[in-house]
There are 2 protein chains.
Amino acid sequence: MGNQKLYKGSLQTIILKLLETNDKMYGYEITQKVKELTKGELKITEGALYPALHKLEADGLLDVEVAKVGNRLRKYYKLTESGTKETANKLDEMQEFLRTMQQLVNPKLSLE
Amino acid sequence: MGNQKLYKGSLQTIILKLLETNDKMYGYEITQKVKELTKGELKITEGALYPALHKLEADGLLDVEVAKVGNRLRKYYKLTESGTKETANKLDEMQEFLRTMQQLVNPKLSLE
DNA sequence: TTCTTATACATTAGATTCTTATGTATTGTT
DNA sequence: AACAATACATAAGAATCTAATGTATAAGAA
């Protein structure tokens, strides 16, 4: 597993992107999906995830809907209208960041 | 200027990469070079840069050499042997991170 | 000549974001 | 019966940054 600290700052964007693609997801599902998509390279910890979800909700980017499955609860999160807009912004910023970093660390590959 | 917080965690790698390419550089020069290379997208602040340089030196990855230019001093930093190895590691980790993030936020572009 | 900007180092307070540890409870597997 | 997985959550502390401040020299503009 690579350098986890590089992912610092990108958690919100990852969550928003997943919700854009999958419509609605619950917390534990997000951790599993990220592990699967990144083949174990990135593991979202609960201590990072839940506060991040709560903040996105408090900022009005996510709506929550509590569901009961068997006897256990799940909190399904979904993008609000404002969350959809913010997702587009954050994805643009992420692409610019990725281009910039690629150019910095490997100028040869970015001649296109 | 994009989302500065995405760069959190990548400063060490950036410094090491610049020193790999340019052999030796001083602090202020690094800030200017990064601004130039990223067309203003990334601005390294002194409060981030100097502690980072001191840490890399304390960790034995950089050697420092003080030079006097006119009446002003410059501290030239240079990779040690161990610093050269660590640079290769960190660049590998960065490439893996960039691939992973690209795949997460834009799966379409990563079909290759 | 005086004022401002650039060069060049540095530290500190505070914010943000994470990791690690801990806690509670249900459900599935051995 | 015990353990792993599912599902939520918080809290202490670490790491890394931003913004502000400080010192000093050099260069350029007014």
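Nothing here was measured: the structure is a model prediction, and the numbers come from that model. Order of the sequence lines sets the chain letters (A, B, ...), proteins ahead of strands, with each chain counted from 1.
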Grab the [atom1]-[atom2] distance between [X] and [N] for me, whole Å please.
X: A:L42; N: C:dT17; atom1: CG; atom2: C1'; answer: 14 Å
X: B:K90; N: D:dT16; atom1: NZ; atom2: C1'; answer: 13 Å
X: B:M25; N: C:dC9; atom1: CE; atom2: P; answer: 11 Å
X: B:K35; N: C:dA8; atom1: NZ; atom2: C1'; answer: 14 Å
X: A:K75; N: D:dA7; atom1: NZ; atom2: P; answer: 14 Å
X: B:E65; N: C:dC9; atom1: CD; atom2: C1'; answer: 16 Å
X: B:L73; N: C:dT7; atom1: CG; atom2: C1'; answer: 12 Å
X: A:K43; N: D:dA5; atom1: NZ; atom2: C1'; answer: 15 Å

>> What I want to check is whether an N or O donor and acceptor connect the side chain of B:K5 with the base of C:dT16 at under 3.5 Å.
In response: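 A donor-acceptor contact between them is absent.
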> For the base of C:dT27, is there a side-chain donor-acceptor partner from A:R72 under 3.5 Å away?
Replying inline: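 Side chain to base: no pair below 3.5 Å.
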Would you indicate which nucleotide in [options] comes nearest to any side-chain atom of [X]?
X: A:R74; options: C:dT27, D:dA7, C:dA8; answer: D:dA7
X: A:E46; options: C:dT26, D:dT10, C:dC9; answer: D:dT10
X: A:Y77; options: C:dA10, D:dA9, D:dA26; answer: D:dA9
X: B:Y28; options: C:dA8, D:dA26, D:dT6; answer: C:dA8

> With respect to B:K78, which candidate in B:N22, B:D63, B:D23 satisfies the side-chain hydrogen bond (donor to acceptor under 3.5 Å, both in side chains) definition?
Replying inline: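 The single option meeting the side-chain hydrogen bond (donor to acceptor under 3.5 Å, both in side chains) with B:K78 is B:D23.
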N/O (side chain, [X]) to phosphate O (OP1/OP2, [N]) under 4.0 Å:
X: B:Q4; N: D:dT18; value: yes
X: A:K68; N: C:dT26; value: no
X: B:Y50; N: C:dA10; value: no
X: A:Y26; N: D:dA7; value: yes

> So which nucleotide does D:dA30 pair with, by the Watson-Crick or G-U wobble rule with both distances under 3.5 Å?
Replying inline: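 Because both required distances fall under 3.5 Å, D:dA30 counts as paired with C:dT1.
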> With sugar-phosphate meaning primed atoms plus P, OP1 and OP2, does A:G9 contact a base, only sugar-phosphate, or nothing at under 4.0 Å between heavy atoms?
Replying inline: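 Sugar-phosphate only.
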>> For the residue pair A:E29 / A:Y77, report whether a side-chain donor-acceptor contact shorter than 3.5 Å exists.
In response: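 No pair is found: no donor N or O on one side chain lies under 3.5 Å from an acceptor on the other.
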> Cut-off 3.5 Å, side chains only: do B:Y7 and B:E41 have a donor facing an acceptor?
Replying inline: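 A donor-acceptor contact under 3.5 Å links the two side chains.
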> Can you name the nearest heavy-atom pair linking B:L6 to A:E93, along with the distance?
Replying inline: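 Looking at all heavy atoms of both residues, the shortest contact is CD1-O, 3.9 Å.
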> What closest approach, in Å, do B:V105 and A:K17 show between heavy atoms, and which atom pair accounts for it?
Replying inline: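 Of all heavy-atom pairs spanning B:V105 and A:K17, the closest is O-CE, 3.4 Å.
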> Hey, which of these two, B:P51 or A:S10, hits DNA chain C nearer its 5' end, going by closest nucleotide?
Replying inline: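 That would be B:P51.
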> Nearest nucleotide by nearest heavy atom, which residue falls closer to the 5' end of DNA chain C, A:A52 or B:G27?
Replying inline: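 First, find each residue's nearest nucleotide; the 5'-ward one identifies B:G27.
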> Closest nucleotide of DNA chain D for A:K8 versus for A:H54: which of these residues is on the 5' side?
Replying inline: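 So the residue in question is A:H54.
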> Are more than 12 heavy atoms from other residues, nucleotides or ligands located less than 6.0 Å from atom CD of A:E81?
Replying inline: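 Atom CD in A:E81 is not packed in, count stays at 12 or less.
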